[in-house]
Amino acid sequence: MCYGHHRRSLSPDRPPRNNNNNALVVDTLRVRLAETEARLERARAREAELTRRLEEMKRFVSVMEILESYLKQRFREQQEYVARFFSSFPAK
């Protein structure tokens, strides 16, 4: 007795069910591969955009550092000017 289990016939005139199963597995893998490739393409595009934005931010920071340096120098020059200006007056 098989108790509900059916045995497959091994007759040569009937193609094995494995071919259908293999085709289904191959199709599933192709779909998954296409999805993975699409995700990879989106990730690469996102990486390129983030890289572009990072380079833009680096240039901005560089400009801000140059501006900061210039303003510090001008501030020191103005402080020296004011100090010389007030030192030229005689003390009372």
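Since this is a predicted model, take the numbers as computed values, not measurements.
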Verdict with supporting geometry, Gln73 and Arg76, side-chain hydrogen bond (donor to acceptor under 3.5 Å, both in side chains) = CA-CA 5 Å; Gln73 178 62 33; Arg76 280 193 296 272; 3.0 Å; yes
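- The line from CG of Asp27 to CG of Asn22 is 11.0 Å long, rounded to the nearest 0.5 Å.
- Atom-to-atom distance recorded for Met57:CE and Leu50:CG is 8.5 Å, nearest 0.5 angstrom.
- Leu71 contributes atom CG, which lies 12.0 Å from atom CD1 of Ile66 (distance to the nearest 0.5 angstrom).
- Residue Thr51 holds its OG1 atom at 10.5 Å from CZ of Arg46, rounded to the nearest 0.5 Å.
- Proximity of Gln79 to Val82: side-chain heavy atoms (C-beta onward) are nowhere separated by under 4.5 Å.
- Just one of Arg52, Arg53, Arg59, Lys58 meets the side chain to side chain donor-acceptor pair (under 3.5 Å) condition when paired with Glu56; it is Arg52.
- Distance check, rounded to the nearest 0.5 Å: CD of Glu80 to CZ of Phe75 gives 11.0 Å.
- Linking ILVMFWY residues whenever their side-chain heavy atoms come closer than 4.5 Å, directly or via other members, places Tyr70 and Met64 in the same cluster.
- Distance check, rounded to the nearest 0.5 Å: CG of Leu67 to NZ of Lys72 gives 11.5 Å.
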Could you go through the side-chain contact (heavy atoms from CB on, under 4.5 Å) check for Leu33 and Arg30 one step at a time?
-> CA-CA 5 Å; Leu33 177 60; Arg30 283 186 181 137; 5.6 Å; no
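- Clustering ILVMFWY residues whenever any of their side-chain heavy atoms sit less than 4.5 angstrom apart, transitively, puts Phe60 in the very cluster that holds Val63.
- Between Glu77 and Arg74 there is a salt bridge, since a side-chain N of the basic residue sits under 4.0 Å from a carboxylate O of the acidic one.
- A donor-acceptor pair under 3.5 Å links the side-chain atoms of Thr36 to the main chain of Arg32, judged by distance alone.
- Relative ring orientation between Phe89 and Phe85 is described as perpendicular, the plane-to-plane angle rising above 60° on a 0-90° scale split at 30° and 60°.
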